[in-house]
Every structure is written in structure tokens, then in C-alpha cells.
Amino acid sequence: MPAPPTTPPNTTTNAHEDAGAAPAEAVTPLIRGVAVLRQLTQAGGTLSPSALERATGLARSTVDRITATLARMGYVRLDGRDVVLTPRLMELGNAYLAALRLPALLAARADALADELDESVSLAVGDRDGIRFIHQATRRRAMSLSFRIGDLLPAERTAPGALFATEWTDEDWRRWHERRSADPEDRGFPAVPPRPPLPADDFTNRTAQAARDGWSSDDQLIEPGLVAVSVPVRDPATGRIACVASVVSHTSRHTAQDLRTTLLPRLRETVAAMEGDLRDTPPQAPPHPSSGLATWTAASKQELGRDFIESLARGLTVLTAFDEGRPALTLTEVAKATGLARATARRALITYEHLGLVTQPPGTRTFTLTPRVLSLGFPPLSRTSLSRIAQPHLEDLASRVQESTSLAVLTPSGDEIQYTARAAASRIMSVDITVGTRAPAHATALGQALLTPRPYALMDEELEQGLRSLAVPVQDRTGRRIAATNIAMHAAAHTHEECVDHLLPALRQATESIETDLHMAARFTHVPLT
């Protein structure tokens, strides 16, 4: 039987997705799994198995086995007829961003500049002939920036692209010309609207200008009305561009010329401070290797049989070996960090080199992650909210306990709670409170769980006679109580003892799952509560 094509026939590709023949030692299930994750990402995080079959060119049985494996890993959930990406998948992009260290070191200055200027500020890195965002400090307006962390943009339609292109090699320019010839309207870049191609010399001239000026601008290259000015942040050790900081606005607020004259000086000051941070920050001490990360795959294989693709699960685990203290790893170090056999780790790294997800700098024995890791689910997941994170867990809890469940947050005044997510029980008599409803915080178990140091709150006669509610707090990455979950029921359904002995463990388990997803999503992105 002939081997399947490395790039499925119906997959939208651009120059950032290698379409050559895979090396003999590459792991075919891993290539297919990455293709499925990329298609889900391009579709906004949700596709049916049938749509995945069409998009990837894979057999339906193969798609089903891949999604079953990803579901076992917690990277997707099977919601009726759809496959949906989950926040757990963000651990792959988090591994890249942590190893890069730039968001952790520079984000605070970008956020402060955005607050000062009241304009959106972004950080971007180069990804071959494109750019990817690694941080966004976005102003909330009717006309606001909609790019997400991990979004890929063609270099020639951005201000950062001209700066990165000042360091391109002849091979980089050849690749850019080939991509423009194959995709003149940028349809391989889902984050930007298609448009007629700009003249080739436009970008080369802007690159030459950026090399002379040390900054670059975007005067409505992405779409009408969008303007930006960008300055490179250079690595103090090499002098090369580590990332590019940009101030982005709309022509209703600033013209491109206005950005250059009024905001560029302040952007340059911030970039100088960022470069100082990079120069003064000592290297991160490597953490203890978390060996054994992949040992659970054998048990999963035994339980699920052929529906679990062990080579896919182990291969994806390799990406999580990288972190703050492990930005570059040898093959031996990857094997030690994951608990995989050296030969297994080697084949996974060979596969990722082919897919452009890892690179091995010339003359070294180490591997590093590339920005393309962010193409595995990060853009759609980076715009999630706590209510969206909680919803599937509340629905699962309501199904298990056969009672209504909710998530609520305190209003700004602190006197009331507001329901932000709900899952109703399937029974004749159930608690029915709509999302958006407000109630006095002191008179509800949800409010008590947020306002008091108790591990849980149990209240009777809440909101109306006969209503009993059990609630626990939801904590963010710092341990701060930011929301609460509850199970609400008629008082006759469960005694106090039954609530504590039977419902409380289930509620805590669901809440811990919400917190796990929240902490994963909030590591490098802002997660709004509603």
C-alpha cells in the first residue's frame, strides 16, 4: 500500500508548512496528528470528524483514532459530533513561550506602554517569511486589534516583517518569492484578509528603509484603517533581533505619520528598557527533569487498544520537555526529561525538524522549539474566557450529579455576584437561573465562597424558599479567589450530610479541572472572567 502524502491534498498550506517527502525515520502518526491539530486551529478550534477527514485527506478511521488519542491526552474534547480544542493543548505553545523567555521578561513593559499611550502594543517574532505574535496588550474598543498570540502574518504586510527581513539570507528571500508566487493573495494566512499582492519592490524598498532608520511602519498594509510603528528589540549577546515591539492604532485616532512623530520616541524608550532587561536578567536555572511524563501511555494503550496511538501521544510529549530552564536540549536530555527511550525521542525530533517545529542550530547538538509550535491550537485558545473554560466542566458535573451547576464572579462593587456560566439538570424540577443574573453576595453560597476563607459554603433558603446551594472557590495561578462554582438543588433532594459526603467531592473535582485549564490558559495570556 503506498504511503499517504505528507501534506494531505485538501490542506491549506503556505511556505510555513513543509510539503516535501518525510524522512524515512519520521513518525507518520505524529505527522498526521499535527495535521489534524493544524486544521482544527485554522477552523477556530472546532470541526466535525467528517470535516477533518475532508480537510486532511486522511481516512475516517485514522481521524477517529487520532481524535480519540488527543481526547485521552486532554487536548481535545468530543462534543456531540464535533472535535473541540481544549486549553490543555496550550501546554505545547506554553513550552515554546517559556523557553523563549521574551514574554515573561518583556510583557510588563509592553502592557505599561499600552496603558500609557492608550493604544495596542504587541511583541512579535520572525517565522521564516512571516511573523508570529508572542504578546498582545490590546485596547478594548469598537475598532480594536483582533490578532491573537500565535497568529501568523505575511512579513510584507506588517511593520515588523520589514525589520526581520533586514536579517534575511538569500535563501530566505528565495523562499519569500516562491511563497508569493504560489499564494499571491495570502490565502494561506487565515489571520489576515486576502488582498491583491503588493509590488515585490515595495517590500524590498521598505526593508532597505527599515535597515537605514532602525524602525518601520505599516500604513494600512494589513487592511484599511490599521496603522502601526515598530522598533526591533535586539539580543544583547548577539546584536540580532530577538523580537519586534509595535504600537498599533487606527486612522480614526492616528495617521501613520502621526504615529512616527508622536509615539515612536516613547516606543524607542520602552525598547531600550526592554533591551536592558534582557541584558541584566541572568539565565534561568534548569529545573529537575520531570522524567516519566510519557509512562502513562502504556496504560492508555492497554485500556483503549488500537484506538490509542501511542506513538502520537509520546511524540507530542517531546514538545513539553522544553521550558524556562530548558530552552535548548540535546537528544539525551529530551529522553531524560520525558522518560522516553532515546530512539523514540530521536524519531520524534526528526519528525519535528521536518515539520519545522524544532530546529538544530548548525554546529550544535541541541534542539530548540520554533515559533511554529504556536500553530498547534494557540491562536483560537488564547482568546478564551473563564466562563468558556468552565462550561464543559459544569455540564459534565450537572450530568453526573443530576443537579444544576453554576459559575459566578463578584461584581466590581463586591456586593453582588453575577452568574457567568450555567448547566441545568435534566429533571422535572431544577434550579433555573439565567446567565447574567445578579444576587446579593452575602446571601448566596457562591458569594460566601468568594468572600470568606472557608473551603466551601453550604446555604439554605438561598434566593428563595426551599433552595439549597453548595459552593467552592475558583483560584487563579496566584491562589487568589476569582470566581466560585456551585451545585444548586431543592432542599428535599439532599441532606446536609449528603451534600458534604457526596456532592462536595464531585464539585471540588470539577472545580479543580476548571482551575487546571485556567492556569494553563493564563500562563501567557489574559483570561477575562466573563
Side-chain angles (χ1 to χ4, degrees), residues 44-46 74-77 79-80 82 84-90 136 138 140 144 146 148-149 377-401 403-425 430-441 444-451 457 462-463 469-488 506-530:
T46 303
Y75 288 171
V76 305
R77 58 184 173 86
D79 185 5
D82 289 331
V84 183
L85 297 179
T86 69
R88 175 67 183 274
L89 178 63
M90 295 178 76
Q136 292 279 9
T138 304
R140 292 188 176 276
S144 63
S146 62
R148 306 160 300 186
I149 296 176
F378 213 89
L381 292 171
S382 68
R383 284 291 179 90
T384 192
S385 64
L386 177 58
S387 56
R388 263 191 278 179
I389 288 173
Q391 190 62 43
H393 298 293
L394 294 177
E395 291 172 358
D396 179 65
L397 176 62
S399 176
R400 285 189 287 128
V401 301
E403 298 291 355
S404 296
T405 61
S406 301
L407 176 82
V409 299
L410 284 176
T411 59
S413 68
D415 297 329
E416 295 179 306
I417 61 162
Q418 182 174 9
Y419 290 84
T420 57
R422 288 275 297 156
S430 63
V431 179
D432 184 18
I433 300 174
T434 59
V435 169
T437 298
R438 294 189 177 195
T444 61
L446 287 162
Q448 289 294 314
L450 281 163
L451 296 172
E462 179 180 299
L463 301 182
S469 180
L470 175 69
V472 298
V474 176
Q475 297 180 329
D476 65 11
R477 290 176 61 87
T478 67
R480 184 170 60 98
R481 297 185 179 202
I482 59 170
T485 57
N486 85 335
I487 298 174
L507 179 59
R508 280 178 167 160
Q509 182 182 26
T511 304
E512 288 170 2
S513 296
I514 293 171
E515 289 176 338
T516 297
D517 284 354
L518 171 64
H519 299 171
M520 188 67 69
R523 186 174 180 186
F524 293 106
T525 67
H526 170 66
V527 179
L529 299 185
T530 57

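Judged purely by atom type and a 3.5 angstrom limit, His393 has no side-chain atom pairing as donor or acceptor with the backbone of Gln509. The main-chain N or O of Leu381 is never found under 3.5 Å from a side-chain atom of Thr384 such that the two would form a donor-acceptor pair. When atom types are taken as modelled, the side chain of Glu395 and the backbone of Ala423 share no donor-acceptor pair closer than 3.5 angstrom. Formation of a donor-acceptor pair under 3.5 Å by the Arg388 side chain with backbone atoms of Arg383 is found in this model. Gln418 contributes no side-chain N or O that, together with a main-chain N or O of Leu410, makes up a donor-acceptor pair within less than 3.5 Å. Although no hydrogens or angles enter the test, the distance criterion places no donor-acceptor pair under 3.5 Å between the side chain of Asp82 and the main chain of Val84. Between the side chain of Arg77 and the backbone N or O of Thr86 there is no donor-acceptor pair closer than 3.5 Å. Of the possible polar contacts, one joining the Thr405 side chain to the Leu394 backbone as a donor-acceptor pair under 3.5 Å is found. Judged purely by atom type and a 3.5 angstrom limit, Arg422 has no side-chain atom pairing as donor or acceptor with the backbone of Thr434.
Heavy-atom minimum distance, Gly377 versus Pro380: O-CD, 3.3 Å. Looking at every heavy atom in both residues, Ala424 comes nearest to Ala398 through O-CB, 4.3 Å. The two atoms that bring Asp517 and Pro87 nearest to each other are O-CB, 3.7 Å, heavy atoms only. What you find for Ala457 and Gln448 is that their closest heavy atoms are CB-CB, 3.7 Å.
Taking 4.5 Å as the limit, every side-chain heavy atom of Ile482 sits out of range of all side-chain heavy atoms of Val409. Residues Leu89 and Val76 have side chains not in contact (no heavy-atom distance under 4.5 Å, counting atoms from C-beta outward). Looking only at side-chain heavy atoms (C-beta outward), Thr46 and Asp79 stay at 4.5 Å or farther from each other. Looking at Glu515 and Gln475, their side chains come closer than 4.5 Å, going by heavy atoms from C-beta outward. The closest side-chain heavy-atom distance from Thr420 to Leu529 is not below 4.5 Å. When side chains are defined from C-beta on, Leu518 counts as touching Leu386, because their heavy atoms get closer than 4.5 Å.
If you take CD1 on Ile389 and CD1 on Ile514, they are separated by 9.0 Å, rounding to the nearest 0.5 Å. Between the CD1 atom in Ile149 and the OG1 atom in Thr525 there is a gap of 6.0 Å [rounded to 0.5 Å]. Separation of atoms CZ (Arg508) and CG (Leu397) is listed at 13.5 Å; rounding is to 0.5 Å.
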